[in-house]
*Asks:* 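Provided herewith is a single structure, encoded as structure tokens, for subsequent inquiry.
Below, chain A is the first sequence line, B the second, and so on; all start at residue 1.
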Amino acid sequence: MILRAEKIAKWYYRKSGESNRFFTVSETDIQLESGSLTVLMGRSGSGKTTFLHMLGGLLIPDAGKVWVDDKDLYAMNDAELSRYRNQHIGIISQGHTAVQSLSVLENVMLPQVMYGDKDGGTGLAGEWLTRFGMQDLQEAFPSELSGGELRRMSIARALAGKPEILLADEPTGDLDDENTQLVMKALREAADEGTAVLVVTHESDALDYADQRWQMNAGVLTK
Amino acid sequence: MKFRKLPFRNLTKKPGRTAMLTVLVMILSFAMFAGAATIFSLRNGMKSLEARLGADVIVVPVSAKSKVNLDEMLLQGTVGYFYMDSDVLEKVREIDGVEKASAQTFLATLRADCCSIPVQVIGIDPDTDFTVQPWIAQSYGKPLETYDLIVGSKVGTEIGSTLRIYQQDCQVVGRLDSTGTGMDTAVYTTMDTMHLLLEAAQGLGHDLKITGDPDEVISAVYIKVKDDSSAVSVNNYINVHIRKVESVQTKNMLTTVSDGMAGASSAMTILIGGIWVLTFLLIIAAFCMILRERRLEFAVLRMLGASRRMLSGMIFTETAAICVLGSVLGILLACAVVFPFGGLIEEKLGLPFLQPGAGMCILLAAGTFLGVLLTGTVASMWTANRLSHVDASKILREGN
């Protein structure tokens with residue numbers, strides 16, 4: 001599976017300044033391929049997250065198109081795009097993204113039970129939690145977890161669904177060195193197994209795992 | 001784990017929020033059901049009163065007005081008594097336009113050793129009576145013997161038991177169905193028994209203000225006017241031509257009751273409407289408060305692949321669950337308040353109050369349930385729309 005962004009851009013309008021239009025992400029092309037791990041580096045506020053959200057179907061670009069193989073992501077209606085995102089794209093977002101009313105295990109299983117309402121994924125969800133050292137926290141609720149545990153839970157959730165495209169936004173932001181290595185290895189493995197992985201980070205350690213490296217400065221993407 | 005269970009998990013994991021919304025819905029449901037049941041009971045009471053009164057004109061002694069409030073006594077069963085000569089009945093029967101006329105004699109028992117309970121005893125002539133006898137015939141198919149009594153639905157004695165009235169043992173042989181009127185608190189017997197009871201009361205030294213033979217007195221004459229005649233004419237004729245009596249048109253009495261009922265119904269309707277608007281606004285306000293609290297949760301669900309429709313469905317399911325719980329609790333609470341205290345409501349409102357039957361109660365409950373469900377759904381629509389259209393990207397970027 002290939003995810004391809006074609007001249008996508010995002011801008012906002014300002015009331016003052018030299019130009020009314022302010023580009024968060026300037027016109028950009030990128031291609032993420034199965035089996036490769038791409039690292040996108042950049043300072044805070046450089047437009048990395050906006051770019052990742054446009055690739056993940058969460059934010060409609062003001063210009064350009066996002067293709068997954070021959071599918072134009074934003075040509076789909078909301079129901080189609082949501083289902084497509086659920087079944088093909090895994091997103092690890094910044095911050096804490098747990099559903100508070102569900103246990104840790106249920107949070108990890110959530111994307112897999114969202115459509116079809118069938119019990120499933122318990123095994124893989126449990127496996128990932130065990131791998132991230134959270135086997136004893138499966139029945140715990142998010143309010144009982146530390147920031148690092150919440151982060152690992154959301155990574156396990158994205159990986160347990162075996163997505164074809166995995167977009168990770170600062171996945172190791174809350175983690176110590178040991179867990180950072182654990183997570184980066186897991187993302188590398190996912191890529192090796194055929195997932196197209198994009199890691200957006202400002203930590204240079206991630207570069208050790210990368211097949212492709214990109215830099216974003218003030219919304220401009222460069223190799 | 002199943003996704004469709006998520007709304008219920010959201011409710012149980014936030015008991016405070018759920019309880020607050022449930023209580024709001026319960027108040028709405030209580031107001032709607034209790035109000036509607038009260039209005040229906042008043043209307044039923046009015047219909048029952050019209051049906052059971054049967055008479056177009058009632059003739060009582062002039063002195064009656066100074067002794068008791070006639071409206072209350074005749075319509076609401078206030079205990080009282082007054083007497084006039086029985087020849088009034090014959091005079092009335094001779095008037096043109098009178099189709100039927102039947103006498104009744106009243107006696108009030110006392111809260112004393114001589115009597116089991118204080119009630120209004122009404123003597124009727126089973127052969128000519130057209131106001132009570134048809135209802136007695138429905139409850140008790142046989143002729144009444146001497147000292148036999150038929151009791152109203154609210155008189156606290158069992159069929160087969162003995163009621164002691166002025167030291168005379170009377171047998172309770174039947175009970176009338178509930179009417180929501182004064183008939184429910186009265187006791188009925190034949191004229192013969194009534195005369196025996198009058199003699200017994202006098203024998204015990206009670207001054208009933210009867211001049212002459214107790215066998216020759218009556219308290220009221222109930223008149224049914226012919227279809228082609230005017231009750232007004234008959235009423236006026238009696239007031240002009242028969243001495244020492246006062247003729248009253250029941251239509252006027254019913255108008256008083258009807259006006260009271262209309263006033264009570266209007267007040268109740270305004271109250272229900274006010275509570276509905278207030279609760280509706282409170283539910284909307286509660287959902288608005290929830291909106292901010294749940295933005296991140298909905299953004300996360302969007303990120304994981306939930307469609308707008310699924311998120312709206314989740315809000316509606318949560319709302320429906322709260323409405324089902326709240327409306328059932330509200331209806332049960334209303335049943336616990338309105339039905340056992342129907343008598344008290346009747347007394348406080350001073351209006352005939354006949355509770356609707358089981359079928360109508362089920363219909364009212366179903367109507368309340370649907371009304372509450374609709375209100376809750378409409379109130380949550382804006383929130384559902386806002387939450388399902390959250391800018392997931394923006395919220396995830398900002399982290400709230």
*Asks:* Counting heavy-atom pairs under 4.5 Å with chain A, which one of B:Ala299, B:Ala306, B:Ala392 comes out on top?
*Replies:*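 The residue among B:Ala299, B:Ala306, B:Ala392 with the greatest pair count is B:Ala306.
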*Asks:* Ignoring hydrogens and geometry beyond distance, is a side-chain donor-acceptor pair present between A:Ser101 and B:Asn10 at under 3.5 Å?
*Replies:*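 There is such a pair (donor and acceptor under 3.5 Å, judged by atom type) between the side chains of A:Ser101 and B:Asn10.
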*Asks:* Any donor-acceptor pair under 3.5 Å linking the side chain of A:Asp78 with the backbone of B:Ser307?
*Replies:*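 Here the side-chain-to-backbone pair does not exist.
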*Asks:* For the pair A:Tyr84 (side chain) and B:Gly305 (backbone), establish whether a donor and an acceptor sit closer than 3.5 Å, ignoring hydrogens and angles.
*Replies:*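 Between the backbone of B:Gly305 and the side chain of A:Tyr84 there is no qualifying donor-acceptor contact (under 3.5 Å).
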*Asks:* Are more than 12 heavy atoms, taken from residues, nucleotides or ligands other than A:Tyr12, located less than 6.0 Å from that residue's OH atom?
*Replies:*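 Buried by this count: over 12 neighbours within 6.0 Å.
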*Asks:* Could you look at A:Phe141 and say if it's the side chain, the backbone, both or neither that has a heavy atom under 4.5 Å from chain B?
*Replies:*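 For A:Phe141, side-chain heavy atoms alone lie under 4.5 Å from chain B.
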*Asks:* May I have the step-by-step check of side-chain contact (heavy atoms from CB on, under 4.5 Å) for A:Leu102 and B:Lys5, ending in yes or no?
*Replies:* CA-CA 10 Å; A:Leu102 299 179; B:Lys5 288 184 181 170; over 6 Å; no
*Asks:* Take a 6.0 Å sphere around CD1 of A:Ile60 and say whether it holds more than 12 heavy atoms from other residues, nucleotides or ligands.
*Replies:*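 12 or below, so no.
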*Asks:* Has B:Phe40 got more than 12 heavy atoms of other residues, nucleotides or ligands less than 6.0 Å from its CZ?
*Replies:*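 Atom CZ in B:Phe40 is not packed in, count stays at 12 or less.
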*Asks:* Return the set of residues passing side-chain contact (heavy atoms from CB on, under 4.5 Å) with B:Ser41 (not counting sequence neighbours), or none when no residue passes.
*Replies:*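 Result, side-chain contact (heavy atoms from CB on, under 4.5 Å) vs B:Ser41: B:Phe353, B:Gln355, B:Pro356.
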*Asks:* What distance do B:Met303 atom CE and A:Ile92 atom CD1 have between them, rounded to the nearest 0.5 Å?
*Replies:*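 The CE atom of B:Met303 sits 8.5 Å away from the CD1 atom of A:Ile92.
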*Asks:* Can you tell me how far OG1 of A:Thr97 sits from CD1 of B:Ile395, rounded to the nearest 0.5 angstrom?
*Replies:*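 It comes to 13.0 Å.
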*Asks:* Inspect the contact between B:Arg397 and A:Asp169 and indicate whether a charged nitrogen and a carboxylate oxygen are less than 4.0 angstrom apart.
*Replies:*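 Salt bridge flag = no for B:Arg397 with A:Asp169.
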*Asks:* Where is the tightest heavy-atom contact between B:Arg9 and A:Ser103, given as atom of each residue plus distance?
*Replies:*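 So the two residues come closest at NH2-N, 4.2 Å.
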*Asks:* Contact part of B:Leu301 toward chain A, heavy-atom cut-off under 4.5 Å: side chain, backbone, both or neither?
*Replies:*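 Both backbone and side chain of B:Leu301 come within 4.5 Å of chain A.
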*Asks:* Working to the nearest 0.5 Å, report the span between OG of A:Ser82 and CG of B:Leu304.
*Replies:*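 Between A:Ser82 OG and B:Leu304 CG, I get 11.0 Å after rounding to 0.5 Å.
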*Asks:* Are any of the side-chain heavy atoms of A:Gln94 and B:Leu396 separated by less than 4.5 Å?
*Replies:*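 The answer is no, as the side chains (C-beta and beyond) never meet within the 4.5 Å cut-off.
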*Asks:* Is the backbone of B:Arg302 close enough, under 3.5 Å, to the side chain of A:Arg85 for a donor and an acceptor to pair up by distance?
*Replies:*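 Looks like yes, one N/O pair under 3.5 Å.
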*Asks:* Nearest 0.5 Å, please: how far is OG in A:Ser143 from NZ in B:Lys13?
*Replies:*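 With rounding to 0.5 Å, NZ (B:Lys13) is 6.5 Å from OG (A:Ser143).
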*Asks:* Nearest heavy-atom pair of B:Phe3 and A:Val113: which atoms, and what distance?
*Replies:*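 Shortest heavy-atom separation between B:Phe3 and A:Val113 comes out as CB-O, 3.4 Å.
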*Asks:* Quick check: do B:Met310 and A:Met114 have side-chain heavy atoms less than 4.5 Å from each other?
*Replies:*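 The answer is yes; the side chains approach within 4.5 Å.
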*Asks:* Say you draw a straight line from CZ of B:Arg294 to CD of A:Gln100; how long is it, rounded to the nearest 0.5 Å?
*Replies:*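 If we round to the nearest 0.5 Å, B:Arg294:CZ and A:Gln100:CD are 11.5 Å apart.
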*Asks:* Please report the interatomic distance CG(A:Leu59) to CG(B:Asp391), rounded to the nearest 0.5 Å.
*Replies:*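 Taking CG in A:Leu59 and CG in B:Asp391, the distance rounds to 6.5 Å.
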